[in-house]
Amino acid sequence: LRIEPGEVEAALVRLPDVAEAAVVARQSENGHNRLVAYLVPAGGAAPDTTALREALRRHLPDYLVPAAFVVLDRLPTTSSGKLNRKALPAPDFAAGARSEYVAPRTDVERVLAGIWSQALGVDRVGVEDNFFELGGDSILSIQVVSRVRAALGVQLSPRVLFTTPTVAGLAAEIGADVRLGGVEMRSAIPVVPRDRPLPLSFAQQRLWFLHEFEPDSTEYLTPMALRLRGSLDVPALRSALSGLVARHESLRTTFEEVEGRGVQVVHPPYEVALPVLDLSGSAAKNGRPERDREAELMQVLDQEAQHGFDLRYGPLLRARLVRMSDEDHVLTLTLHHIVTDGWSMGVLAEELGVLYGAGVRGEAAGLPVL
């Protein structure tokens, strides 16, 4: 969705309680970008944020309503009189919690409070706390509804949090007779045999067609680089990558053509190749400053992002380790978008960390069943 902060600012200054306003995107502790409104009150007294939010919702779509409001005596400016965005204070997304904490009282409320806490990145959520005053927004509301469906096995409208924005209200909406662990209690989705070509999802069909149309394009590569500080166990990392491939079928899937249609073929687990490029001594050897290693690293990252895949042969995951020093490495992972997306890259990074840590300790990873 296209976000125009100026549109939100204009809506704010039209409200009688707001004299000046600035709207920026800020990243919360859990990495989620949220709109934050900085405002100077018109009458000196800080306006009620709930009333502001409701007033904006009458004029703006949900995704343009800020997740947090910060009241200032004046907006910071540069020497030239322009807004100094770097001087805007970081918002406290947990400040919207009610001063009197009311703990969850039922199993459903405890599950909901845990989901809210994780999605919002706050330590605790009381049953009377307002989802939006804690920093929630329309995007996070979809995430919460999805997690509630997975945890409790109930179907909720994405709009439900706008009408019942508290844990207590949502628990009442769901009802007390819901069975916890609803996903496990429902019948599992039947698994088709993997010994034959399988149809593509609609999203995969689009990407397969675009690849057939322009096979040398690198537009749909999904690269990721992880900076690894400290002592690194390279065999354990290589084993963790192989464990990740064994766990997720998409990482060992290729795409072929049968009677003019794209199909996917899932292959058995394989050992992931992890070539190591050592840049630790390159600057010293050539008599150049140490900072040149970072420049070389950027060249490596650029090369990885420009090296495409053949969807027919795969693998569609490419790993490479760059050694900057004894305790500084960069792991690059490059995948084709047909087997991953932005959300999944976060899942892969997290699970890779779990697998690596377990491998170093000589333990089983203990990842949840897919």
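Without hydrogens or angle criteria, Glu257 side chain to Val263 main chain gives no donor-acceptor distance under 3.5 Å. Although no hydrogens or angles enter the test, the distance criterion places a donor-acceptor pair under 3.5 Å between the side chain of Ser250 and the main chain of Val339. Judged purely by atom type and a 3.5 angstrom limit, Arg320 has no side-chain atom pairing as donor or acceptor with the backbone of Thr332. One N or O on the side chain of Asp341 and one on the backbone of Ser344 form a donor-acceptor pair closer than 3.5 Å. Remark: the backbone N or O of Val40 is not paired with any side-chain donor or acceptor of Arg74 at under 3.5 angstrom.
Residue Leu244 is not grouped with residue Val266 when hydrophobic side chains (ILVMFWY) are merged at heavy-atom distances under 4.5 angstrom, including chains of intermediate members. When hydrophobic clusters are built by joining Ile, Leu, Val, Met, Phe, Trp and Tyr residues whose side-chain heavy atoms come closer than 4.5 Å, directly or via intermediates, Leu333 is grouped together with Val234. Under the 4.5 Å side-chain contact rule for hydrophobic residues, Val276 and Met324 do not share a cluster. With hydrophobic clusters built from ILVMFWY side chains whose heavy atoms lie under 4.5 angstrom apart, Val330 shares a cluster with Met298. In the hydrophobic clustering of this structure, Leu367 groups with Met345; members are Ile, Leu, Val, Met, Phe, Trp, Tyr whose side-chain heavy atoms approach within less than 4.5 Å, directly or through other members.
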| request: In sequence, state the C-alpha distance, the side-chain angles, and the governing distance for Arg194 and Val192, and then conclude on side-chain contact (heavy atoms from CB on, under 4.5 Å). | output: CA-CA 6 Å; Arg194 298 299 200 249; Val192 301; 3.4 Å; yes
| field | Worked verdict on Leu152 versus Leu112 for side-chain contact (heavy atoms from CB on, under 4.5 Å) | value | CA-CA 9 Å; Leu152 301 178; Leu112 293 177; 4.3 Å; yes
| task | Apply side-chain contact (heavy atoms from CB on, under 4.5 Å) to the pair Phe131 and Thr164, showing each step before the final yes or no. | result | CA-CA 9 Å; Phe131 176 78; Thr164 52; over 6 Å; no
| task | Determine, step by step, whether Glu128 and Thr166 satisfy the side-chain hydrogen bond (donor to acceptor under 3.5 Å, both in side chains) criterion, reporting the C-alpha distance in whole Å, the side-chain angles of both residues, the deciding distance to 0.1 Å, and the verdict. | result | CA-CA 5 Å; Glu128 299 297 337; Thr166 66; 4.7 Å; no
| said: Working note: Leu156 + Leu170, criterion side-chain contact (heavy atoms from CB on, under 4.5 Å); need CA distance, chi angles, decisive distance, verdict. | reply: CA-CA 10 Å; Leu156 297 173; Leu170 188 58; 4.1 Å; yes
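Counting heavy atoms of neighbouring residues, nucleotides and ligands inside a 6.0 Å radius, atom CD of Glu350 does not exceed 12 of them. Annotation for Arg227: atom CZ counts as buried by contact number, over 12 foreign heavy atoms lying within 6.0 Å. More than 12 heavy atoms of other residues, nucleotides or ligands shown are found within 6.0 angstrom of CG on Asp195. The environment of CZ in Phe209 is sparse: at most 12 heavy-atom neighbours from other residues, nucleotides or ligands sit within 6.0 Å. Other residues, nucleotides and ligands contribute more than 12 heavy atoms inside 6.0 Å of the CD atom of Glu256.
Checking each of Leu221, Leu348, Leu316 against Leu335 for a side chain to side chain contact (heavy atoms under 4.5 Å, CB included) leaves exactly one that passes, namely Leu348.
Leu228 places none of its side-chain heavy atoms less than 4.5 Å from the side chain of Tyr356. The side-chain heavy atoms of Thr334 and His307, taken from C-beta on, include no pair separated by under 4.5 Å. Using a 4.5 Å heavy-atom cutoff, the side chains of Arg124 and Val122 are not in contact. Counting heavy atoms from C-beta outward, Leu15 and Pro47 have side chains that stay 4.5 Å or more apart. Side-chain contact check for Asp129 versus Val167: every heavy-atom pair is 4.5 Å or farther apart. Leu88 has its side chain within reach of Leu72: a pair of non-hydrogen atoms, C-beta onward, lies under 4.5 Å apart. Residues Leu207 and Leu311 have side chains not in contact (no heavy-atom distance under 4.5 Å, counting atoms from C-beta outward). The closest side-chain heavy-atom distance from Asp233 to Leu237 is not below 4.5 Å.
The distance from atom OH of Tyr270 to atom CG of Leu317, rounded to the nearest 0.5 Å, is 5.0 Å. Distance check, rounded to the nearest 0.5 Å: CG of Asp310 to OG1 of Thr254 gives 9.5 Å. Separation of atoms CG (Leu301) and CD (Glu296) is listed at 12.0 Å; rounding is to 0.5 Å. Here the CG-CD distance, from Leu241 to Glu271, works out to 10.5 Å after rounding to the nearest 0.5 Å.
Arg53 forms no cation-pi arrangement with Phe69, by the criterion of a distance under 6.0 Å to the ring centre and an angle within 45° of the ring axis. Relative to the ring axis of Phe162, Arg57 does not place its NZ or CZ within 45° and under 6.0 Å from the centre.
Taking the six-membered ring where tryptophan is involved, the planes of His337 and Tyr220 are essentially parallel, since the angle between them stays under 30° and well short of 60°.
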